[in-house]
Amino acid sequence: MALKLFNTVSGKKERFEPLEEGKIKMYVCGMTVYDYCHIGHARVMVGFDVITRFLRHIGYDVTYIRNITDVDDKIFNRANENGESFTDLTNRFIIAMHEDEGALGVLSPDQEPRATAHMGDIIAMTGTLIEKGYAYAAVNGDVYYRVKKFDGYGKLSKKNVDDLQSGARIGIEAHKEDPLDFALWKAAKEGEAYWDSPWGRGRPGWHIECSAMSTCCLGPTFDIHGGGPDLKFPHHENEIAQSEAATGEKYVNYWMHAGAIRVGKDKMSKSLGNFKTIREELKTYSGETIRYFLISSHYRSQVEYSPVSLNEVQSALDRFYQALRGIAITDLHTIDDNYQMRFDSAMCDDFNTPEALAVMFDLVKALNSSQIDVEKSVLAATLVRLGGILGILQQDPEVYFKSTQNNVDGAVSEEEIEAMITERASARAKKDWAESDRIRDKLMAQGVVLDDAKGVTSWRRL
RNA sequence: GGCGCGAUAGCAAAGCGGUUAUGCACUGGAUUGCAAAUCCACGUAGGCCGGUUCGACUCCGGCUCGCGCCUCCA
C-alpha cells in the first residue's frame, strides 16, 4: 500500500519515498515555552503523534524530533514581568507542556532538543552563513540573513520576493541592508541574559535554532518537516534559506502543515487572545474527547472549536466504548484483517483520520450486531488495535464510563450509586415501578444513567 | 493590494466521473415494566453560471462568499 502525503511545497499529494529505505526522519516545530499550550498547539501535537504512530504501524523506523524553543524575546519579556529568571519560566512551562501532552495521550518524541542546549551549533551555523556571504554582522552586533542572496526564497510559502518588499511592513532596522533581511543573532540589551559569540554578547534570532537543531539531530537533509499553519511563513521559509545556504544541500523532502483551529470565524491565536488552553479545557472535557475532536477532521483542514462540537464528539466516543463494554477479549492479537486493511488504506491517503474513523464505525456496527462470542472478541480486539493507532480507545470501558472527569464537583460517589441501585433492585423485585423510577430519575439528575440488561443493572456517567 | 485554501444533507465530516460514506441530532419500529444501550427503517446533500462527457458533487473556466498568510502566533 503506497503512502501518499500532501507536500506544502508542491501543493499536492505525493507518493512518499524515504531517503533511506524503511526509515523516516521527521522534525516538527514545537513550542516557544512562555505560556500554557492551547488547542492550536494540541492540534500539532496530536496530529504528528497520530502520524508517527501510523508510520510506525506500517513498519517505518521513525525518528521523531520536536524542539523546544527556550530563548526568545517573548520569554525574556514574560520572565521580566514575572520577576523570575527566564530559565525558571521555561522550566515551569516545559513541565506544564508535558502534563498537557500526557492528558491528550501524546507519546514523547524521540528527542526534544532545547535551543539553549544548542548554542554552539547555532553560533557555528551563523558563522558559516557569514563565511558563505549569506549573512553579515551589522555594527550594532546583530547578524542578519541576506534574503535576496538566496535563490528560491518564497518557494514554500509561494511568495514573491518583490511582492513581499512592496508590501513590507517589516520594521525598518537601520542596520539592515534590506528590510527583508532577518536576524540570525541579536545583540544583548542591557541586563538581558546573553551568550558570547564572535559578534559579541547576544542571543539567537527566532529561526536559526530550528535549522541548527534539525541539522544537528537529523543531518542536513531529512524526510519530513512539520508544524502549525502560521509557521509556513516566515519561519519555515527562513529555515530553508538558512539551512540550504549553510549546508549546500536540500533541507527537507516533504513539508507538512496542520490546519488552523478556529473560534467562531477567527483563527485561534495568541495575538487575538481567543485561545483556550489545554488545561482549561481539560476541566470540562477528557483528554481523549479533545483528542478525538482533533482527529475527527483531517489534519490539514480548519476546524471550529466549540462546546457544541465537543459534546457531539463525546457522544461518538461513547458509541465506541459502548460497543467495547462487557466484551471479553480473549486474544488481543487475532484481528480482522479486512478492517485493518481498510483502515490502513484510509490512513495511507495523507492520514485521512475521518475516513479511518468511518471504517471503525462500520466495525462497531458489525460488532454490535454479532451474536457469536468468538467473532465479537476478534472485532473488539480489532477496534482496540485500530484505536491504538489513533491513540484512542485504550481505556477499560468501565473506567471510561464511570470516570468523574467530565463532571463538576460534588458528583455522587460510586458507593452511593451502588447503594441506590441495590435499593432500586428490591423495589423492582416487588414491581414497585414508581419507586424504581424515582431512584433512576434521581440518579439521572446527577448525571448517572442506568442500564438494565440481562437482569444486571450497570451505570455510567454522562 | 499580492499569494494560498475552501464551499457537501439540520450540524459535523470523507471518498468517488455512473452503485449506502460515517458520526451527532430527528422520526417510526423491534427490544424493555418503563427507560438506557443495541438493532432495523428513514435523508438523491453537494454555493452560482457555463463547458467537457453518453453521464459530474467529483474534471475545466468564470463568478460569489468564507478563511488563512503577507507582522509575533501551532
Side-chain angles (χ1 to χ4, degrees), chain A residues 8 11 28-32 35 37-48 66 72-74 77 154 157-160 162-171 206 226-235 237 257-262 265-273 275 292-293 296-298 300-304 306 308-309 311-323 325-326 345-346 349 352-362 364-365 367-371 401 428 431-434 436-437 440-441 444 448-454 457-460 462:
Chain A
T8 307
V28 173
C29 283
M31 318 303 141
T32 297
D35 204 347
C37 296
H38 63 236
I39 301 297
H41 297 111
R43 181 143 213 217
V44 172
M45 301 191 300
V46 169
F48 286 97
R66 195 191 56 205
D72 177 86
D73 286 353
K74 291 189 292 299
N77 292 156
S157 53
K158 318 262 188 302
K159 292 194 189 305
N160 182 299
D162 300 326
D163 293 343
L164 278 175
Q165 195 160 32
S166 59
R169 278 186 276 168
I170 297 156
W206 175 32
D230 32 24
L231 258 30
K232 237 181 271 179
F233 186 88
H235 188 60
E237 198 68 70
H257 293 92
I261 299 285
R262 279 184 297 121
K265 290 279 187 191
D266 300 317
K267 187 184 79 162
M268 179 180 288
S269 73
K270 287 282 206 191
S271 41
L272 288 177
F275 59 93
Y292 184 96
F293 166 76
S296 66
S297 64
H298 185 85
R300 273 191 289 115
S301 65
Q302 294 187 358
V303 239
E304 183 177 346
S306 74
V308 175
S309 32
N311 291 335
E312 267 188 17
V313 137
Q314 201 157 61
S315 303
L317 234 203
D318 283 352
R319 181 167 162 80
F320 279 125
Y321 274 108
Q322 202 79 57
R325 197 176 197 187
S345 113
D349 184 14
N352 192 337
T353 50
E355 181 74 27
L357 287 169
V359 173
M360 289 167 67
F361 278 113
D362 284 349
V364 163
K365 181 159 279 189
L367 171 53
N368 284 335
S369 304
S370 171
Q371 302 295 328
F401 284 119
R428 293 183 78 213
K431 294 204 195 300
D432 183 353
W433 308 128
S436 165
D437 291 350
R440 188 175 59 198
D441 291 347
M444 178 57 112
V448 176
V449 182
L450 297 187
D451 268 310
D452 299 323
K454 292 169 190 149
T457 299
S458 56
W459 59 275
R460 65 191 163 92
L462 286 179

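Only this structure's heavy atoms are used, side chains among them; waters, hydrogens and symmetry mates stay out. Below, read A as the first sequence line, B as the second, and so on, with proteins coming before strands; counting in each chain starts at 1.
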Chemist: Contact class for L450(A) vs. all strands (heavy atom < 4.0 Å): base, sugar-phosphate, or nothing?
Modeler: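 It contacts base atoms.
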Chemist: Determine the Euclidean distance between corresponding P atoms of A7(B) and C48(B); express it in Å to zero decimal places.
Modeler: 13 Å
Chemist: Rounded to the nearest 0.5 Å, what separation is found between the CD atom of Q322(A) and the CZ atom of F401(A)?
Modeler: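 Between atom CD of Q322(A) and atom CZ of F401(A) there are 4.0 Å.
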Chemist: Mind checking who G1(B) pairs with, Watson-Crick or G-U wobble, both distances under 3.5 Å?
Modeler: C70(B)
Chemist: Measure distances between side-chain N and O atoms of R262(A) and base N and O atoms of C67(B), and say whether any donor-acceptor pair falls under 3.5 Å.
Modeler: no
Chemist: Checking only heavy atoms, does the side chain of H298(A) share a donor-acceptor pair with the base of A14(B) at less than 3.5 Å?
Modeler: no
Chemist: Does a distance-only test, which skips hydrogens and angles, find a donor-acceptor pair under 3.5 Å between the side chain of D266(A) and the base of C67(B)?
Modeler: no
Chemist: Just name whichever nucleotide pairs with G43(B), Watson-Crick or G-U, keeping both distances under 3.5 Å, else none.
Modeler: none
Chemist: With rounding to the closest Å, how many angstrom separate the P atoms on C16(B) and C60(B)?
Modeler: 14 Å
Chemist: Are R460(A) and A36(B) close enough that a side-chain N or O sits under 4.0 Å from OP1 or OP2?
Modeler: no
Chemist: Under 3.5 Å, is there an N or O donor on one side and an acceptor on the other linking the side chain of E312(A) and the base of G23(B)?
Modeler: yes
Chemist: Would you say G2(B) has OP1 or OP2 under 4.0 Å from some side-chain N or O of N160(A)?
Modeler: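 No, outside the criterion.
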Chemist: According to a strict under-4.0 Å criterion, is S301(A) in side-chain N/O contact with OP1 or OP2 of A12(B)?
Modeler: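 No, no such contact exists.
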Chemist: What integer number of Å spans the P atoms of A21(B) and G10(B)?
Modeler: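 Per the computed distance, 15 Å lies between those P atoms.
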Chemist: What integer number of Å spans the C1' atoms of C3(B) and A45(B)?
Modeler: 32 Å
Chemist: Between C72(B) and S271(A), counting only base atoms on the nucleotide and side-chain atoms on the residue, is there a donor-acceptor pair under 3.5 Å?
Modeler: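 Pair found.
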Chemist: Does G15(B) have a Watson-Crick or wobble partner in any strand here, with both distances under 3.5 angstrom, and which is it?
Modeler: none
Chemist: Evaluate the criterion salt bridge (Lys or Arg N to Asp or Glu O under 4.0 Å) for residue pair K365(A) and D362(A); output intermediate values, then yes/no.
Modeler: CA-CA 5 Å; K365(A) 181 159 279 189; D362(A) 284 349; over 6 Å; no
Chemist: Indicate whether any N or O donor in one side chain lies under 3.5 Å from an N or O acceptor in the other, for R300(A) and T8(A).
Modeler: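 No, no side-chain donor-acceptor pair sits under 3.5 Å.
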Chemist: Using the P atom in both, what is the distance from C57(B) to U44(B), to the nearest Å?
Modeler: 15 Å
Chemist: Quick one: closest heavy-atom pair of H298(A) and T353(A), and the distance?
Modeler: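 Residues H298(A) and T353(A), closest heavy atoms: CA-OG1, 4.4 Å.
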Chemist: Does C39(B) have OP1 or OP2 sitting under 4.0 Å from an N or O in the side chain of R319(A)?
Modeler: yes
Chemist: Step by step, work out the side-chain contact (heavy atoms from CB on, under 4.5 Å) result for K267(A) and I261(A).
Modeler: CA-CA 6 Å; K267(A) 187 184 79 162; I261(A) 299 285; over 6 Å; no
Chemist: Closest approach of W459(A) and R325(A), non-hydrogen atoms and distance?
Modeler: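 That would be O-NH2, 2.7 Å.
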Chemist: Any strand counts, and the cut-off is 3.5 Å on both contacts for Watson-Crick or G-U wobble. Which nucleotide pairs with G50(B)?
Modeler: C60(B)
Chemist: Does K365(A) place a side-chain N or O at less than 4.0 Å from the phosphate oxygens OP1/OP2 of G23(B)?
Modeler: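 No, outside the criterion.
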Chemist: Given the structure, check if the side chain of R43(A) and the base of A74(B) hold any donor-acceptor pair shorter than 3.5 Å.
Modeler: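 For R43(A), whose side chain was compared with the base of A74(B), there is no donor-acceptor pair (under 3.5 Å).
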Chemist: Any strand counts, and the cut-off is 3.5 Å on both contacts for Watson-Crick or G-U wobble. Which nucleotide pairs with C65(B)?
Modeler: G6(B)
Chemist: Rounded to whole angstrom, note down the C1' distance from A13(B) over to G23(B).
Modeler: 8 Å
Chemist: Establish, with yes or no, whether the OP1 or OP2 oxygen of G6(B) is under 4.0 angstrom from a side-chain nitrogen or oxygen of R300(A).
Modeler: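 No, no such contact exists.
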Chemist: Can a donor-acceptor pair under 3.5 Å be found between the side-chain atoms of N352(A) and the base atoms of G15(B)?
Modeler: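 It does not, because no donor-acceptor pair links the side chain of N352(A) to the base of G15(B) below 3.5 Å.
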